[in-house]
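Structure, as structure tokens:
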Amino acid sequence: MLNAVEISHLTVKYPDVKALDDVSFVVKEGDFLGIIGPNGAGKSTLFDSMLGLNTTYTGTIKFFDQDIKKSKKHHQQIGYVPQKPVFEKNFPATVSDIVRMGLRNESDENRIDEILQQLWIHELRNRRIGELSGGQLQRVFIAKALVNNPKILILDEPVTGVDQQSIELFFSILRELNSKQGITIIWSSHDLDAVNKLANHVACLNRTLFFHGESEEFFSNDDLVKQYSEASMQEHMHHH
Ligand code: ADP
């Protein structure tokens, strides 16, 4: 299998904090990686660097063996679903409009219908996005991320504010994208059970990478799981 992503010695310093410190890992094509770590662990910084939004890092980031600082086309291989998609609730855009905004080549109009069907939102295509439930909206932004047929899908903790039924649908969609279409998935989540169910690899990030390996190895190691749970619990207490 090819290396879909190869991160080597990635370090990102902000004026007051080193957000990532010498992080290295590889994601093989077809992997489903769950990234777990408390708030402030550097997950968004990692994604911003991978997406080319933050270029101040040292180290290298490669997609399919191409250094993203040297290859201008790497964005075509990635679809990204942000944590909180920014949109105006009263913005008069429909579901199709939003997905179309993700389309790089305007002649691929048929692809919009195809991806809307695949994500169970084709019937909603003419609805305004302000009228949608959290789960429907989540699928719209996944459709937008997938409309250009990326090989890698990156999702930043997208489950908050979504009802249980939509979460199950979301999980089955991710599973299908990964196992049937071979899309490599990188998903940051606070939900350990969900990561356990879906991901075949786990990365634990807290400024440095303190674990990266197969899910089974992580979840069968009580000390590791406990360590993570304690870290996230402390984080939780800080916020309440
Ligand atoms: P996470 O996504 O895991 O919550 P972030 O990557 O957002 O973590 O943040 C990692 C650390 O870097 C935090 O201490 C945060 O305050 C800091 N940080 C993030 N973005 C910036 C920025 N643009 N400027 C300065 N500090 C930042």
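Sequential numbering from 1 along the given sequence is applied to the chain's residues. Atom set for the values below is all heavy atoms of this structure, side chains included, hydrogens, waters and symmetry mates excluded. All figures in this text were calculated on a predicted structure; none of them were measured in a lab. All ligand and atom numbering here is 1-based and tracks the order in the structure.
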Heavy-atom nearest neighbour in the protein, as seen from [atom], with distance rounded to 0.1 Å:
atom	result
atom 19 (C) of ligand 1	Tyr14 CE1, 3.3 Å
atom 10 (C) of ligand 1	Gly40 O, 3.4 Å
atom 7 (O) of ligand 1	Ser44 CB, 3.7 Å
atom 8 (O) of ligand 1	Gly42 N, 3.0 Å

Matching residue for Thr184 among Lys151, Gln77, Glu29 - test: side-chain contact (heavy atoms from CB on, under 4.5 Å):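 For Thr184, the side-chain contact (heavy atoms from CB on, under 4.5 Å) test succeeds with only one of Lys151, Gln77, Glu29, which is Glu29.
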Test of proximity, Thr45 against ligand 1: N or O pairs below 3.5 Å: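 Checking ligand 1 against Thr45, an N or O pair does fall under 3.5 Å apart.
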Ala19-ligand 1 polar pair, N/O distance under 3.5 Å: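 Checking ligand 1 against Ala19, no N or O pair falls under 3.5 Å apart.
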With a 4.0 Å cut-off on N to O distance, would you call [X] and [Y] a salt bridge?
X	Y	answer
Asp67	Lys62	no
Arg111	Glu114	yes
Asp97	Arg100	yes

Thr56 and Asn54 side chains, donor-acceptor separation under 3.5 Å: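 Judged by distance alone, the side chains do pair up.
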Val17, portion touching ligand 1 at heavy-atom distance under 4.0 Å: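 Answer for Val17: side chain.
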Side chain, backbone, both or neither: the part of Ser188 lying under 4.0 Å from ligand 1 by heavy atom: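 Neither part.
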Minimum side-chain heavy-atom gap Pro150-Ile183 below 4.5 Å: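 Not touching, per the 4.5 Å side-chain cut-off.
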Check ligand 1 against [X] and write out every atom of the ligand that is under 4.0 Å from a heavy-atom position of the residue.
X	value
Ala41	1 (P), 3 (O), 8 (O)
Asn39	4 (O)
Pro38	3 (O)

Gln118, His122, Arg125 screened by side-chain hydrogen bond (donor to acceptor under 3.5 Å, both in side chains) with Asp113, the one that passes: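 The side-chain hydrogen bond (donor to acceptor under 3.5 Å, both in side chains) with Asp113 is passed solely by His122 among Gln118, His122, Arg125.
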Atom 25 (C) of ligand 1 touched by protein (heavy atom, under 4.0 Å):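 Yes, at least one protein heavy atom sits under 4.0 Å from atom 25 (C) of ligand 1.
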ILVMFWY network linking Val99 to Trp120, side-chain heavy atoms under 4.5 angstrom: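 Per the 4.5 Å side-chain linkage, Val99 and Trp120 are co-clustered.
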